[in-house]
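Inspection log for the structure reproduced underneath, given as structure tokens.
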Amino acid sequence: MFLTLDQICVSYPGAPAPAVDGVSLQLAAGQLGVLIGPSGSGKTSLLRAVAGLEQAQGGQIALDQALLDGPGVRVAAEQRRIGMVFQDFALFPHLSIGANIGFGLHQASRQQRQRRVAEMLALVGLAGAQEKYPHQLSGGQQQRVALARALAPEPRLLLLDEPFSSLDVELRERLAHDVRAILKQAHITALMVTHDQLEAFAIGDVVGVMQAGRLQQWAAPYDLYHRPATRFVADFIGHGVMLPGQLLERDGLPVVATALGELREVSAAALQQIRLHGRGQQGFDVLLRSDDIVHDDASPFKARIVRKSFRGAEFLYTLQLAGGQEVLALVPSHHDHAVDEWIGIRLDVSHVVTFSL
């Protein structure tokens, strides 16, 4: 692996618990990794430890088979050849865009520096902007310049700390897709911190969810959403609820019974999970995402609309079952029902995910 973190610990004097507590993860060359989690979960402290801006009190950090941090080893931040993009862009307002991008190219000749600046501006879609100044660019353009400046010295690894947090929501999502394309085109290995799941999923080949200094899961975005390893990940990622489940047998085959009907496509992996989590045949919860519940007027299962949130192409309905349990459902927006109305719903679950009570 290109980047390896092994049992990294970061502590601050006077803090009651470590900011980073035994985190291990790996990134292959060219992969884009993203760390998400609530405020104070340790994701930025971990990023700063990789950069060399924070001292890791335990564990090892290796980059391209070279040890950066470990027993008796600490490579200074400026010698790690790691680029950083910050949330506030950190551009020099008195320097032109070309001078900003070329700022770190100390060893290059004037001609080499000009050529590299032109290459980076073309890469980030701002060709010909060398003579402009930061205040003449939009927020999204300034973030592209910050990215170009970080890539100009050809870092071995790029770190991005909440790079889109100061931009508006629509621009953040669009820029996230653009940044992924730019990094892939440049064959850059990168690790980013964000609190926004849409950004994480738009950029990351692999995403890590952190809580209280620990890495809860490190996996592809699809697996985080559909196969969360812990209840915290299940709650933090996407929209979902837990319903009590019971393992039964129908015609010699296992089924999982819930208040919304039976789930019949129970895989061997799900059965193993149920036996691990359940006490006998009961004692487990079933994770149901909002896209696992389908609006169907012909269904015998009815639910009352408690809340509705318009999202353009669809509504997110919060629904209450007859037994009092609440579930979530994404429904196409042409199905515009009123709050307190009862509608038919059914399950459409491709695989079963359970958790112990």
Side-chain angles (χ1 to χ4, degrees), residues 1-12 15-64 67-71 80 82 84-85 87 157-163 165 176 180 189-238 240 273 276-277 287 353 355-356:
M1 286 292 175
F2 188 74
L3 174 67
T4 299
L5 277 59
D6 183 18
Q7 294 295 309
I8 296 301
C9 294
V10 177
S11 298
Y12 298 109
V20 179
D21 191 3
V23 170
S24 298
L25 60 83
Q26 292 183 323
L27 270 180
Q31 268 194 318
L32 307 179
V34 183
L35 294 169
I36 60 175
S39 296
S41 60
K43 52 190 187 295
T44 295
S45 293
L46 183 62
L47 197 77
R48 290 174 61 83
V50 175
L53 301 176
E54 296 287 355
Q55 173 86 50
Q57 282 78 42
Q60 297 184 356
I61 300 173
L63 181 62
D64 197 13
L67 192 63
L68 301 181
D69 262 306
R80 297 191 178 197
I82 292 177
M84 283 206 71
V85 178
Q87 55 185 302
L157 174 71
L158 182 67
L159 303 177
L160 303 100
D161 184 12
E162 301 268 11
S165 62
R180 176 179 170 84
T189 308
L191 183 62
M192 185 179 93
V193 159
T194 182
H195 63 276
D196 189 300
Q197 293 177 34
L198 292 179
E199 288 176 16
F201 288 178
I203 288 182
D205 298 312
V206 60
V207 176
V209 180
M210 292 193 66
Q211 180 201 25
R214 293 182 176 273
L215 186 64
Q216 296 286 311
Q217 190 171 358
W218 179 249
Y222 181 92
D223 290 331
L224 284 180
Y225 186 83
H226 289 289
R227 301 183 182 92
T230 67
R231 271 185 181 266
F232 179 82
V233 175
D235 290 337
F236 190 78
I237 297 294
Q273 190 183 49
L276 175 66
H277 292 155
L287 171 65
V353 178
F355 294 95
S356 57

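The figures here come from the full heavy-atom set of this structure, side chains too, leaving out hydrogens, waters and symmetry mates. Along the sequence shown, residues carry numbers from 1.
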Is the side chain of Gln217 donor-acceptor paired with the backbone N or O of Ala229 at a distance under 3.5 Å, no angle test? yes
Beyond-backbone contact of Phe201 with Ile237, side-chain heavy atoms, under 4.5 angstrom: yes
Write down the atom of Phe232, the atom of Met210, and the distance for their closest heavy-atom approach. CE2-O, 3.8 Å
Would you find a donor on one side and an acceptor on the other, under 3.5 Å apart, between the side chain of Lys43 and the backbone of Leu35? no
List the steps and the verdict of side chain to side chain contact (heavy atoms under 4.5 Å, CB included) for Tyr12 and Glu54. CA-CA 10 Å; Tyr12 298 109; Glu54 296 287 355; 3.5 Å; yes
Could I get the full list of salt bridge (Lys or Arg N to Asp or Glu O under 4.0 Å) partners for Asp205, not counting sequence neighbours? Arg180, Lys184
Provide the closest heavy-atom pair for Asp196 versus Ile36 in the form atom of the first, atom of the second, distance. O-CG2, 4.4 Å
Can you name the closest pair of heavy atoms from Leu287 and Pro228 and give their distance? CD2-CG, 3.6 Å
Side chains of Gln7 and Ser24, donor plus acceptor under 3.5 Å: yes
Closest contact, heavy atoms only, Gln26 versus Trp218: O-NE1, 3.1 Å
Mind checking whether Thr189 and Asp64 have side chains closer than 4.5 Å, heavy atoms only? no
Quick one: do Leu160 and Ile203 satisfy side chain to side chain contact (heavy atoms under 4.5 Å, CB included)? Show the steps, please. CA-CA 11 Å; Leu160 303 100; Ile203 288 182; over 6 Å; no
Gap between atom CD1 of Ile8 and atom CG of Leu46 - 0.5 Å precision: 7.5 Å
For the student: nearest non-hydrogen atoms of Val20 and Gly42, plus distance: CG2-O, 3.5 Å
Using the side-chain hydrogen bond (donor to acceptor under 3.5 Å, both in side chains) definition, which of the options Gln57, Arg80, Gln60 pairs with Asp69? Arg80
Atom CG of Leu53 and atom CG of Leu47: how far apart are they, to the nearest 0.5 Å? 8.5 Å
Taking C-beta and beyond as the side chain, do Leu157 and Val50 meet within less than 4.5 Å on heavy atoms? yes
Test side chain to side chain contact (heavy atoms under 4.5 Å, CB included) applied to Thr230 and Val209, step by step: CA-CA 10 Å; Thr230 67; Val209 180; over 6 Å; no
For Arg214, is the CZ atom crowded, meaning more than 12 foreign heavy atoms sit under 6.0 Å from it? no
Closest heavy-atom contact between Phe355 and Arg231? CE2-N, 3.6 Å
